[in-house]
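As structure tokens, the structure follows; a few thoughts come after it.
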Protein chains: 2
Amino acid sequence: MSGTQIVRRNLHDEIAVGLREMIVKGELRPGEKVPEAALCIRFGVSRTPMREAFKALAAEGLLTLVPNRGAVVARITREEVAELFPVMGALEGLAGELACARITEAKVARIRKLHEQMARFYERGEIAPYYRSNRAIHEAIFEAADNAVLSSIFQNLLTRTNSVRFAVKKSPARWAEAVADHEAMLAALEARDGPGLGRILREHMRHKIEMVIEALDARDAAERRRS
Amino acid sequence: MSGTQIVRRNLHDEIAVGLREMIVKGELRPGEKVPEAALCIRFGVSRTPMREAFKALAAEGLLTLVPNRGAVVARITREEVAELFPVMGALEGLAGELACARITEAKVARIRKLHEQMARFYERGEIAPYYRSNRAIHEAIFEAADNAVLSSIFQNLLTRTNSVRFAVKKSPARWAEAVADHEAMLAALEARDGPGLGRILREHMRHKIEMVIEALDARDAAERRRS
DNA sequence: AAAGTGAATAATGAATGCAAAATCGAGTCA
DNA sequence: TGACTCGATTTTGCATTCATTATTCACTTT
């Protein structure tokens with residue numbers, strides 16, 4: 001066996017990866033038309049695999065296909081926010097429960113490290129590094145849960161909600177609340193209290209949705225002022 | 001406005017509907033190769049929309065695309081069963097909680113009717129009608145939860161697990177257990193006890209997974225005997 | 001000037017074409 | 001008999017073509 005694995009992939013799959021990245025990075029913005037021809041040139045492919053990728057992303061809920069008018073980046077409505085986040089809460093809650101049942105001592109220790117790091121960034125008010133540690137903790141919980149189906153569905157929902165989650169500007173009170181949630185999470189995890197951790201994660205998600213709604217309200221108010 | 005709405009749909013979408021139906025009905029069986037050419041003839045379409053439908057169904061987890069070897073109906077492994085069902089449990093649990101918060105008196109009454117009907121079918125040992133009522137109850141809970149995202153993800157998981165769920169032959173003890181679960185569900189729903197209903201539904205799903213594992217064990221044992 | 005009209009242009013959706021890869025099968029050899 | 005070869009055939013992935021549907025924009029009408 002040679003070390004380098006022969007990765008045989010389909011073009012449409014690689015394009016799908018590229019498009020997902022563009023959506024997450026905001027190069028393609030919600031509601032915007034997806035420029036098929038331009039993307040074909042940019043990726044150096046013909047329309048066939050590009051359009052196949054569109055179908056796949058549409059099935060994932062990232063694009064909306066309008067008959068005879070091509071593809072549009074899916075736009076999240078307030079109603080969908082109200083639907084998506086509780087689902088994410090239930091899933092992350094499950095991840096927490098499974099993690100408590102399966103996690104090793106070493107991984108708990110690693111999460112504690114991440115948590116302490118995150119707390120330091122909070123103290124210093126360093127937002128970007130804070131988010132990085134924060135995300136690492138949530139990812140570590142899913143990793144410990146060891147459920148690929150769960151992770152992939154959750155990841156999909158994260159991607160779909162990317163634009164609205166990113167719109168949030170945490171107030172000091174909200175930020176403190178989030179850190180407090182994380183303290184409780186760590187305690188539950190160290191006590192291997194599955195139901196407890198599940199409850200905290202669902203609660204954490206409920207706080208998140210409130211922040212998102214606040215952000216959407218603020219954004220809409222700003223838009224109304226402009227017009 | 002005329003009564004007949006002009007439904008403009010994409011070909012690949014209609015094909016996807018048709019393929020999903022074939023998979024659910026067992027016309028295409030897990031592990032089987034999906035005959036592209038034959039399906040093109042059957043649906044009266046060219047390869048392009050057929051292959052687009054394949055990509056969409058693959059994104060849904062219903063098909064597996066093997067590079068240079070076309071599409072295969074996704075086959076559920078025991079490990080995936082162990083991953084999929086807890087996720088379904090968490091989602092149906094959420095549906096129960098939401099339903100308790102939102103359901104109208106009339107809908108509760110309808111579910112009670114369905115439940116009593118189902119109980120009668122159980123008493124008489126009529127399996128097919130029992131399953132019909134059973135499914136109607138679960139669907140009614142999702143309807144009451146009024147969360148389209150939740151419903152569509154759950155529906156997708158139902159489809160993906162179709163083959164293994166269908167393999168289950170309930171023992172009398174298991175059947176009694178299921179009916180008891182349903183009694184508890186109705187009680188929780190009538191009391192609008194969201195957390196309680198959530199717990200019962202997760203428990204109900206845990207029972208389901210045990211039945212599925214039993215069925216898979218039996219199937220594998222039978223297969224081993226044959227070889 | 002604003003609203004309407006229709007020809008020219010662009011885009012979309014689906015069928016077809018073509019090169020590369022996989023599969024099949026007759027023939028060969030151990 | 002069973003494993004192997006290698007050319008023929010089929011299948012697959014992607015590019016290209018073609019018909020249909022939107023969109024644009026110069027032009028008319030009020």
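This structure is a prediction, so every number in the text was calculated from the model and none was measured.
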Nearest-Å distance for atom pair CZ/P, residues A/R51 and D/dT16 = 15 Å
Any A/T48 side-chain N or O less than 4.0 Å from OP1/OP2 of D/dC14 = no
query = Taking NZ, NE, NH1 and NH2 as the nitrogens, is one of them in A/R202 or A/E92 under 4.0 Å from a carboxylate oxygen of the other?
reply = no
request  = Select from B/R47 and A/P35 the residue whose nearest nucleotide in DNA chain C is closer to the 5' end of that strand.
outcome  = A/P35
request  = Could you say whether B/E36 or A/S46 is positioned toward the 5' end of DNA chain D, judged by the nucleotide with the nearest heavy atom to each?
outcome  = B/E36
inquiry  = For the CZ atom on A/F166, are there more than 12 heavy atoms of other groups (residues, nucleotides or ligands in this structure) within a distance under 6.0 Å?
reply    = no
query = In whole angstroms, how far is the C1' atom of C/dA15 from the CG atom of B/L11?
reply = 11 Å
ask   = In whole angstroms, how far is the P atom of D/dG13 from the NE2 atom of A/H12?
value = 8 Å
task = Rounded off to whole Å, could you give me the CZ-to-C1' distance for the A/R9 and D/dC14 pair?
result = 17 Å
query = Under 4.0 Å: is that the gap between some side-chain N or O of B/K33 and OP1 or OP2 of D/dT12?
reply = yes
key: Whole-Å gap separating P (C/dA15) and CZ (B/F43)   = 13 Å
key: Whole-Å gap separating C1' (C/dA14) and CE (A/M50)   = 18 Å
query = Considering residues, nucleotides and ligands other than B/K169, do more than 12 of their heavy atoms fall under 6.0 Å from its NZ?
reply = no
request  = Take atom CZ of B/R135 as the centre, draw a 6.0 Å sphere, and report whether it contains more than 12 heavy atoms from other residues, nucleotides or ligands.
outcome  = no
ask   = Is the shortest side-chain N/O distance from A/R69 to OP1 or OP2 of C/dA11 below 4.0 Å?
value = no
request  = Mind calculating the distance between CG (A/D13) and C1' (D/dC14) to the nearest angstrom?
outcome  = 15 Å
query = Looking at D/dT12, D/dA15, C/dA15, which one has an atom nearest to any side-chain atom of B/V45?
reply = C/dA15
task = Measure up the A/H138 and A/H182 rings against each other and bin them: parallel (under 30°), tilted (30 to 60°), perpendicular (over 60°).
result = perpendicular
remark   = When rounded to whole Å, the CD1 to C1' distance for the pair B/I41 and C/dA15 reads 15 Å
